[in-house]
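Atoms within a ligand are numbered from 1 in the order they appear, just like the ligands themselves. Scope of the values below: all heavy atoms of this structure, side chains included, with no hydrogens, waters or symmetry mates.
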Amino acid sequence: MIDADALRETFRSRYGREARLFRAPGRVNLIGEHTDYNDGFVLPMAIDRETVAAAAPRADRRVRVCALDLGEEAEFDLDRPGAPRRGRWLDYVEGVAQSLAGRGVRLGGADLAVTSSVPPGSGLSSSAALEISVGLALATVSDKEVPRVELALAGQEAEHVWVGAMVGIMDQFVSALAERGHALLIDCRSLAYSLVPLDTSETAVVVCDTNVRHELASSEYNARRAECERGVEILRGVLPKIAALRDVSVGELERYETLLPEPVRRRCRHVVNENERTLAAAAALRRRDLWEVGRLMDRSHRSLRDDYEVSCHELDVLVEIAGNFGGAMGARMTGGGFGGSTVNLVRRDAVDEFRETVSSEYNRATGRRASVLVSEPGDGAGEILD
Ligand code: GLA
């Protein structure tokens, strides 16, 4: 957790003023991977790692930002947008500000200081946590109340326009709207969601970070999106009413999949089945059938590895270690893939042994260190009041 008092003190000594603090969490996705940009379903939860933005309003139109963890500073003018896609953290900050402005939120200038406990590059959405904490901070110190879904959409737009990553809505949505003790079943078409209770008294959600991030991640992500769109185009020839893979049932895909060239066929197979698995997992979670959720997670991983091809050796090793561990109910890669983390459901009384097994076996197999984090499902973004 971030030390709020220390952050207030840092802000005071840097800017000579009092700050208000706004937090937004990272996330782990239990199931529903690479479905969000296909108008499908996802089942993420917020983790207890977060980004905190300290903010105070300014009388002018400038935004000054200090990235405390990097020891870097930057500023921009709300009326004179800089160039997007500079490849810097500032793209996220200025991006969310300009996206909110473009949505009619009249922001004022501000001084900001940002710090985070979400490990970057771990597949736990450090960028969404940054966008949502900064967006909430800027809006609130400008006396503007922004509906949470709007805030999430502004974060996504920052990624599309300012960062150049064509992400879906999942990460920003769960960072903005999560609730303690729950996973969120999100319909990424209508943006309706329901809270699914996740009782962790006997089962722990364990996140294992491979500590690798492969170069391919963003180019392959955009390539998968394009392959899914190609699949929809072809399938429209026989299913004229479909707008996205979300509209294709498992039975329909089985009937028509020979029309699709490879690898489009396997990509579509993953997405169509993953949507079904996600709905089944949410139903199993509601019945508290964690073993069934685990089985669906295992299948999700195989599909991501073989059909969608977004896993990597290190992720597969971690999933295999969990698969051989008696107290683990299920395991899969989480997030975009090509490195980052796995999510595991582990019997609470076996967590310590799991941690040790993962650490030693992962190291033996890859020569690398895994980071293991046990997280409760936490709250979405909000102001830190003391
Ligand atoms: C990244 C994106 C999300 C989602 C996942 C894959 O985390 O930001 O929108 O597409 O990958 O499920």
Looking only at distances, can you tell me whether any N or O atom of His34, backbone or side chain, sits closer than 3.5 Å to an N or O atom of ligand 1?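 For ligand 1, there is an N or O atom that lies under 3.5 Å from one belonging to His34.
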
Mind checking whether Asp171 has an N or O less than 3.5 Å away from an N or O of ligand 1? yes

Looking only at side-chain N and O atoms, does Asn211 offer a donor or acceptor that is under 3.5 Å from a partner on Ser371? yes

Distance-only polar pair, side chains of Arg27 and Ser125, donor-acceptor under 3.5 Å: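 Note: Arg27 and Ser125 side chains meet the donor-acceptor criterion.
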
Can you name the atoms of ligand 1, numbered from 1 with element, that are less than 4.0 Å from a heavy atom of [X]?
X	value
Asp36	3 (C), 4 (C), 9 (O), 10 (O)
Tyr37	10 (O)
Met170	4 (C), 5 (C), 12 (O)
Gly168	9 (O)

I'd like to check the side-chain hydrogen bond (donor to acceptor under 3.5 Å, both in side chains) partners of Asp316; sequence neighbours left out, ordered by chain and number.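 With neighbours one apart ignored, the set is His301, Ser311.
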
Apart from Ile2 itself, residues in the same hydrophobic cluster as defined by side-chain heavy atoms under 4.5 Å: Leu7, Leu21, Val52, Leu68, Ile384

Report the nearest protein non-hydrogen atom to atom 10 (O) of ligand 1: residue, atom name, distance rounded to 0.1 Å.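 The protein heavy atom lying closest is Tyr221 OH, 2.6 Å.
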
Determine whether the aromatic ring centres of residues Tyr221 and Tyr37 are separated by less than 6.0 angstrom. yes

I'd like to know whether the aromatic ring centres of Phe338 and His214 sit less than 6.0 Å apart in this structure. no

Does the residue Arg27 have a heavy-atom contact with ligand 1, meaning some pair of atoms that are separated by less than 4.0 Å? yes

